[in-house]
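Because the structure is predicted, anything quoted here is derived from the model rather than measured. Computation of the quantities below employed the complete heavy-atom set of this structure, encompassing side-chain atoms and omitting hydrogens, waters and symmetry-equivalent molecules.
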Amino acid sequence: MRALQLQRLEGPEGLVMVEVPEPEAGDGVLIGVVAAGVSFPDLLLTRGQYQMKPEVPFVPGVEVAGVVRAAPAGARVKPGDRVMGFSFTLGGFAEACVVAPELAFPIPEAWSFEQAAGVVMNYHTAHFALHRRGQLRPGETVVVHGAAGGVGTAAVQVAKGAGARVLAVVSDERKREVAKRAGADVVLLLKEFQAGVREATDDRGADVVLDPVGGDVFEKSLKVLAPEGRLLVVGFASGQIPSVAVNRLLLRNVTVVGVAWGAFLMQAPELPGDIARDLEALAAKGFVNPVVGRVFPFEDGAQALRELESRQAVGKIVLKVKAG
């Protein structure tokens, strides 16, 4: 089968299209990949900057959507099913990929493969962040940073499905429209978001801030939290890992909460199934509808990663692996 293999830790330029043996299903679900999601961890992996550091050569990619070729007894999916999945062992940038049975889910009938390719990591992360870690309650106000990206649009929709009011933060006017389309109640430009949050909440502040950016965005977000507000640390897309003087947390009665969906699955193996059921219900009610950005041909995987790196991407970037 064809696969995009990283042969040098030189960023996207290290990817090469090669022929490799098709993986064996074993006790996993073998998926014929139609579309693969392109994620920030994939970009970090190409530079050896992610916490997981596989030896080259390897095939990146953790998010896939396609058709089941083989599945073990007892799995929720069967051969011929349209599925979306997440692979801890990478290998998604290929024509076939194996995922654990508990991380393979049926695709809602109304969704395309391209939409489904960006769901498992982004939407499960958003749900885990807002519900499990952020303890979001109906009627609360949520600020979502990077609201035009894959995680951001997912967080906007999951928060709306929870009955929250969503203030989306984006970096430019082009991204404003994407955040609106995702369902945000108010969209703020990054340069003015602190004043915008204060105005939108009558100076009370936000109950929850979801931050996948880090850097000075984190510092400014602390200042817009309402009493007993929660700042959810989802990632560091800015490349800067911030720190905090904990006396500020004490004096203002606010909380900084770490969010690592993937790492938590080892402690709570039932979590993916629980989240998937809730997301299915939200999709049926019209709250969850994945926003797809640019779709690149399989051969242009390096270009897709560069698009992500440029910080100009909106929605979920996807590789079209084959027709489907």
Side-chain angles (χ1 to χ4, degrees), residues 1-71 77 79-101 103-105 107 112-122 150 262 292-309 313 316-324:
M1 68 173 186
R2 294 187 306 158
L4 279 173
Q5 188 180 72
L6 188 77
Q7 298 187 345
R8 306 177 307 278
L9 294 176
E10 298 177 358
E13 288 68 27
L15 284 175
V16 177
M17 186 68 76
V18 297
E19 291 281 339
V20 297
E22 183 175 299
E24 296 183 1
D27 57 1
V29 175
L30 177 62
I31 300 172
V33 179
V34 175
V38 179
S39 67
F40 198 69
D42 295 322
L43 178 62
L44 294 177
L45 280 163
T46 66
R47 301 192 184 282
Q49 296 173 344
Y50 197 56
Q51 55 259 37
M52 179 172 59
K53 301 183 186 300
E55 292 186 10
V56 292
F58 65 89
V59 176
V62 293
E63 304 169 283
V64 297
V67 178
V68 177
R69 294 182 181 174
V77 297
D81 285 352
R82 299 169 72 244
V83 297
M84 49 193 172
F86 179 87
S87 173
F88 276 114
T89 56
L90 308 179
F93 289 0
E95 292 180 322
C97 178
V98 175
V99 305
L103 291 173
F105 309 96
I107 298 174
S112 67
F113 286 110
E114 289 80 6
Q115 284 180 294
V119 166
V120 179
M121 184 167 70
N122 288 344
V292 178
R294 289 188 65 183
V295 178
F296 289 83
F298 190 26
E299 296 79 7
D300 294 342
Q303 185 181 347
L305 285 168
R306 285 192 290 268
E307 173 92 354
L308 189 66
E309 189 173 33
K316 182 66 183 181
I317 298 177
V318 175
L319 292 182
K320 184 73 169 181
V321 178
K322 59 185 175 184

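- Between P60 and L15, the closest heavy-atom pair is CG-CD2, 3.9 Å.
- With values rounded to the nearest 0.5 angstrom, E10 atom CD is found 9.5 Å from R47 atom CZ.
- V34 is not listed as a side-chain neighbour of R82, based on a closest heavy-atom distance of 4.5 Å or more.
- In this structure Y50 satisfies the side chain to side chain contact (heavy atoms under 4.5 Å, CB included) test together with P41, L44, L45, M52, sequence neighbours excluded.
- Side chains of V18 and Q7 form a contact here, defined as non-hydrogen atoms less than 4.5 Å apart.
- Taken from CG in D81 to CD1 in I31, the straight-line distance is 10.5 Å, to the nearest 0.5 Å.
- Put simply, CE on M1 and CD on E19 are 9.0 Å apart, with the number rounded to the nearest 0.5 Å.
- Distance alone, capped at 3.5 Å, places no donor-acceptor pair between the K316 side chain and the G150 backbone.
- Of the options E299, E114, E95, a salt bridge (Lys or Arg N to Asp or Glu O under 4.0 Å) to K320 is made by E114 and by none of the others.
- Using a 4.5 Å heavy-atom threshold, the side chains of V99 and V83 count as separate.
- Residues T46 and L9 fail the side-chain proximity criterion, which asks for heavy atoms closer than 4.5 Å.
- Proximity of L308 to D42: side-chain heavy atoms (C-beta onward) are nowhere separated by under 4.5 Å.
- Here the CG-CZ distance, from L319 to F298, works out to 7.0 Å after rounding to the nearest 0.5 Å.
- Within the 4.5 Å cutoff, the side chain of F93 has no heavy atoms near those of the V33 side chain.
- The two residues L6 and G11 have their closest heavy-atom pair at CD1-O, 3.8 Å.
- For the pair R8 (side chain) and E13 (backbone), a donor-acceptor distance under 3.5 Å is present.
- One distance of note links CG of N122 with CZ of F86; it measures 10.0 Å at 0.5 Å rounding.
- In plain terms, the two heavy atoms of M121 and V62 that are nearest each other are SD-CG2, 4.2 Å.
- Shown here for A304 and V38, the closest heavy-atom pair between the two residues is CB-CG2, 4.1 Å.
- Between V67 and F113 there is a side-chain heavy-atom pair separated by less than 4.5 Å.
- Under the side chain to side chain contact (heavy atoms under 4.5 Å, CB included) criterion, V98 pairs with P23, L30, sequence neighbours left out.
- Here the side chains of E63 and V120 are not in contact, with every heavy-atom distance at 4.5 Å or above.
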Inset, instruction - Please report the C-alpha distance between F88 and L103 in whole Å, then the side-chain angles of each, then the deciding distance to 0.1 Å, and finally whether the side chain to side chain contact (heavy atoms under 4.5 Å, CB included) criterion is met. - result: CA-CA 9 Å; F88 276 114; L103 291 173; 3.5 Å; yes
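- F58 is linked by a ring-ring contact (aromatic ring centres under 6.0 Å, His included) to nothing, counting only residues two or more places apart in sequence or in another chain.
- The shortest heavy-atom contact between S87 and C97 is CB-SG, 3.9 Å.
- Nearest heavy atoms, A116 versus M84: O-CB, 3.6 Å.
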